There are 2 protein chains.
Amino acid sequence: MAEETAATNEHPSDVDPEHWNVENYPVPDMADVQLIDVLRAVADPIRLEIVRRIADGKPQPKSRDTWGFDVQKSTLSHHFKTLREAGLIRWLVNGRQHDIQLRRAELDDRFPGLIDSLLAD
Amino acid sequence: MAEETAATNEHPSDVDPEHWNVENYPVPDMADVQLIDVLRAVADPIRLEIVRRIADGKPQPKSRDTWGFDVQKSTLSHHFKTLREAGLIRWLVNGRQHDIQLRRAELDDRFPGLIDSLLAD
DNA sequence: AAAATAGTTTGACGAACATCGAACCATCGG
DNA sequence: CCGATGGTTCGATGTTCGTCAAACTATTTT
């Protein structure tokens, strides 16, 4: 089972404490994340590209011009939500500035080799 | 570029010559297969399970009772076609008996670690 | 306080897709 | 030659999903 990571849970060590607002945007416990969910999340060209660009684990802004995709910001927002709910990323919210970060360590632990295999070519 | 593997091309070494009819069901050249296509193919529960069960590279019959999925045979047939066209499997046709086989060596070469990462858990 | 900024949410729309049943095709066994 | 068998294809149906525009929320700037 394992609850969602919410306000009461501690942060993973790679979450910058400057980003205080992670709690409002819950992330599924990695133990509950199913492979099929990850695959579904990543089986979209835009989301796959996003994951590849944050594979190093560094936070990246959500801002539209950071990514340069030819979609509206509501669409981009939808993709970020999909990735979070699927367990792939967390949101680092600081005022108006939102960053996303791949849950790299957890993902590598739960699905060894998967993220790496998405980076080829 | 690279044409589809058709009648004029030679067989990969792991194709049993007993299965003579591979040519009628063309497979994309692995160089043309894009990661996103593989991910899309595998982002379905049934197809993921199929791939996992043939991960060892051994041919398996298409027959409905081999797999035990709760879908009609036309649906199963559709999934096999999807997997072939996405570049994941080849069809080994021998009379009425059809087998499928994961293109394991080619896949491992093109997308190192990907298939392995689907096998966890 | 007002306006601008960064992002979310909602509702609608169309395309893609998983599924089924029925018709069809090819092969094997009497 | 005929029926059974193993599988494919076709058309229809319902659902999922990516997308957009518009409305909304929250934060920062002036």
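Please read all numbers here as calculations on a predicted model, not as lab measurements. In what follows, every chain begins at residue 1, and chains take the letters A, B, ... in the order their sequences are listed.
OP1 or OP2 of D/dG18 lies within a sub-4.0 Å distance of a side-chain N or O belonging to A/Arg47. Put simply, B/Arg96 has no side-chain N or O that comes within less than 4.0 Å of OP1 or OP2 on D/dA4. The phosphate of D/dT19 has neither OP1 nor OP2 within less than 4.0 Å of any side-chain N or O from A/Thr75. B/His98 has a side-chain polar atom (N or O) that falls below the 4.0 Å cut-off from OP1 or OP2 of D/dT8. Between B/Gln72 and C/dG21, a side-chain N or O to OP1/OP2 separation shorter than 4.0 Å is present.
Across all strands, B/His78 comes closer than 4.0 Å to base atoms (heavy-atom distances). B/Thr82 comes within 4.0 angstrom of no nucleic acid atom, judged by non-hydrogen atoms across all strands.
Interface remark: the A/Lys73 side chain does form a donor-acceptor pair with the C/dG7 base, using a distance-only criterion of under 3.5 Å. One donor-acceptor pair, N or O on each side, does fall under 3.5 Å between the base of C/dG21 and the side chain of B/Ser74.
One interatomic measurement links the two molecules: CG of B/Asp44 to P of D/dT16, which rounds to 13 Å at whole-angstrom precision. Atom pair B/Phe69:CZ and D/dG7:P shows a separation of 15 Å (rounding to whole Å applied). Rounded to whole Å, the distance from CH2 on A/Trp91 to P on C/dA6 is 17 Å. Separating the CD1 atom of A/Ile36 from the C1' atom of D/dT16 is a distance of 14 Å, rounded to the nearest angstrom. Rounded to a whole Å, the CZ atom of A/Phe80 is 15 Å from the C1' atom of D/dT19. Atom CG in B/Leu76 sits about 9 Å away from atom P in D/dG7, given to the nearest Å. If you measure from atom NZ of B/Lys81 to atom C1' of C/dT19, you get 15 Å, rounded to the nearest angstrom. Rounded to an integer number of Å, the gap from B/Arg84 CZ to D/dT9 C1' is 12 Å.
In summary, the side chains of A/Thr66 and A/Ser63 do present a donor paired with an acceptor at a separation below 3.5 Å, with no hydrogens or angles considered.
Remark: side-chain polar atoms of B/Arg90 are not paired, donor with acceptor, to backbone N or O of B/Val27 under 3.5 angstrom. Judged by distance alone, with hydrogens and angles left aside, the side-chain atoms of B/Arg52 form no donor-acceptor pair with the main-chain N or O of B/Ile115 at under 3.5 Å.
Contact of the A/Leu92 side chain with the A/His98 side chain is not registered, since no non-hydrogen atoms from C-beta on lie closer than 4.5 Å.
Between B/Arg104 and B/Asp116 a salt bridge is recorded (basic side-chain N to carboxylate O distance below 4.0 Å).
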